[in-house]
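Bear in mind that the values here come from a model prediction, so they are computed numbers and not experimental data. Remember, it's 1-based here, ligands and their atoms both numbered in the order they're listed.
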Amino acid sequence: MPIRTDPDRRLVALDTDATTYAFAVDPAGLLRHLYWGPRLDRLADVEAPALWEVSTNDSVAEITHEEYPIHGGLRFKETALAVRFEDGSRGARLVVTGIAVDAEAQEVVVALLDAPRGLTVQVHYRVLPGLDLIERWAVVRNEPSEAGREAGVIAVTAAASAQFHVPRAGLTLRNVFGHWGAEQQPFTQQVGPAALVLESRRGISSHHHNPYVVLDADASEDAGEVWCAALAWSGNFRATVAQTPYGDTLVQLGLNPWDAEVTLAPGESLTTPRVVAGYTAQGLTGISHHLHAYGHGLLDPRPRPVLYNSWEATGFEVDLEGQLALAQRAAGIGVELFVMDDGWFGRRSSIDDGLGDWWVDPGAFPDGLGPLIAQVHELGMDFGLWVEPEMVNPASDLYAKHPDWIYRDQVHDPDTARGQYVLDLTRPEVQEHLFAVLDLLLRENDIAYLKWDANRPMSAVGAHRDAHRAHIEALYTLVTRLKGTHPGVMIEACASGGGRIDLGALGVFDDVWTSDNTDAADRLVMQRAYSLIYPAKAMRAWITESPNFLSQRSIPLDFRARSAMMGTLGVGTDLMRADDAELKALAAHIATYKRLRPTIQDGRVYRLDNETGNDYQFTGYVREDRGQALLFAFLQASRVGHRKPTVRLRGLDPAATYRYAVNGVPHEHSGAYLMGHGVPLWLMGDYDSALVEFDRT
Ligand code: GLA
């Protein structure tokens, strides 16, 4: 049973295959965290020692590891919840009133109450035993109190999804930083007594940080203790990590309280997004594999098609003839899905017009999209389309008709960014309108795939204090409704590149655009960081031109192709400028990708060590049930003292024998040898690469 209880001690243990997470209710009614680590079979080991204040300045409430503390009383630490009551006072006192276990759903709900105020909180836990993860979230409710007193309106000024206590100090925090075109740059930072904050305030999970916390104590890829918490949310978030003065590390993750307030009338409630959390002693790869399995559970299991995207080739200059010519070449190299990007709708000619007018531009497509789609189908491909539904340009029919549909305050001019405004998705009429136009687009045209973009942050949301949260809820509702009505359609999440890479997006969308930076060498850095949390199955990567439009770097095609093949493969090259040799080479890489796709998209990813002093990157993909493993090897630049690397694989069956070829020379070795000794490679010069296939004999 994944949930064990000790009713006498009001103690609960959540067991996964390899971990235990335990908490209990203190006699004072506090919900105390007790244990998070390797699986414990003996529940009696988990103790809840009596609490005493360290000093009058270190109260019991302050030093207790609470699961979901609320602002109020002698608490000066980070609290998960903060409210303001109608009379203006802020402090609340929550006591546990009950613990409900739903064995079938593998859920525990702890109920807490501030009786005089009629405020209830449900702290939810769900155990995912096989994944070694638990989910947590909270429901905050304004409930007229038992005493019959009306609570009045309650303003929720902060509501995290969960608070955690990692029983260590001196940990290392891992996350990513960046900006447009430079997302997913990994960093580590030592956690100390000053709190570290990762957040987004932009209405998207953002290019700047990512909504997760990974903490480790000197872990390597395959060994060492790691704790993680990742938020399923595509909007404003805040993660706080701090070493407490009492020797442990506090982690809080949830909605960002910045510029936000949720008002609850009596009977109303707020449900926070879910956070998924886990512990492993198997190092960073261990935590990645658990999270990848979780991500796969969220995603549509269908294979992701090899797509062509027109953006880097034709920009806003799209018309029937040009797209048809590209489609013919795309089909010729084995592309399965032709996606027409920006420029096909309204009076769109640049970033400054057309958004909001989701009708086909008659200048570019005199007979609508029908003829293009028919040809694309005839060529044996599916058809996909770019949309940016949450936005509107001032120069559009939609804005002329509904200038009040955007976020703005009443006195200042609204901000434009990329020449556009954000539609107020929280208004039911805006949601209805967007559903109607997108539904019509999908009904009138045989479209298999949408690339759903969002190219600017939210700002100046006016009087709507809950806009950032409500916008994302509305987005999820809209996308889910659209997919429910058109179940075959896959939708890619994009926000100016990788501004919406998060587990919330994975729960609703099918694919994620990783970055507008398509430089193959930059992508290796980003993709490796992405793989810490997210599975390759939703990591869109395109082969694009050389020199790259952004980095101006020239990289040979094999390197560019193999870099893009590590995720869900696409092509963004201007195929009209490609010569026969390049088209042939692209076709060969696409054919290889299709053959290896089940291992790449659904296998296990291993970030392999580079034991040389050179600029190598090695990654393994293993699909045990197919008896297949892959090694992607890249050398960016050969340096002084360059020697031949021997790459040690991971995740193979030590007892099995594998056949493989390096530079056309066949080899056969046991898994034990390939993992213990490794594969000798010989990459030379700049931007060399190899893709080695290992097949179990
Ligand atoms: C964003 C996306 C790009 C492309 C353009 C179109 O920048 O990230 O991939 O779709 O918009 O305007």
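- Judged by a 6.0 Å distance limit and a 45° cone about the ring axis, Arg443 is not positioned over the six-membered ring of Trp358.
- At a 4.0 Å heavy-atom cut-off, the residues surrounding ligand 1 are Trp311, Asp341, Asp342, Trp386, Arg418, Lys451, Asp453, Asn455, Cys494, Ser496, Gly497, Trp513, Asp516, listed by chain and number.
- Between the side chains of Arg560 and Asn548, no donor-acceptor pair is found at a separation under 3.5 Å.
- Among all heavy-atom pairs drawn from Phe316 and Ser349, the shortest one is CB-O, 3.6 Å.
- Residues Arg174 and Thr188 bring no donor and acceptor atom of their side chains to less than 3.5 Å of each other.
- Contact of the Leu255 side chain with the Trp233 side chain is registered, since non-hydrogen atoms from C-beta on lie closer than 4.5 Å.
- A cation-pi arrangement is not found for Arg408 relative to Tyr421, the charged atom failing to lie both closer than 6.0 Å to the ring centre and inside a 45° cone about the ring normal.
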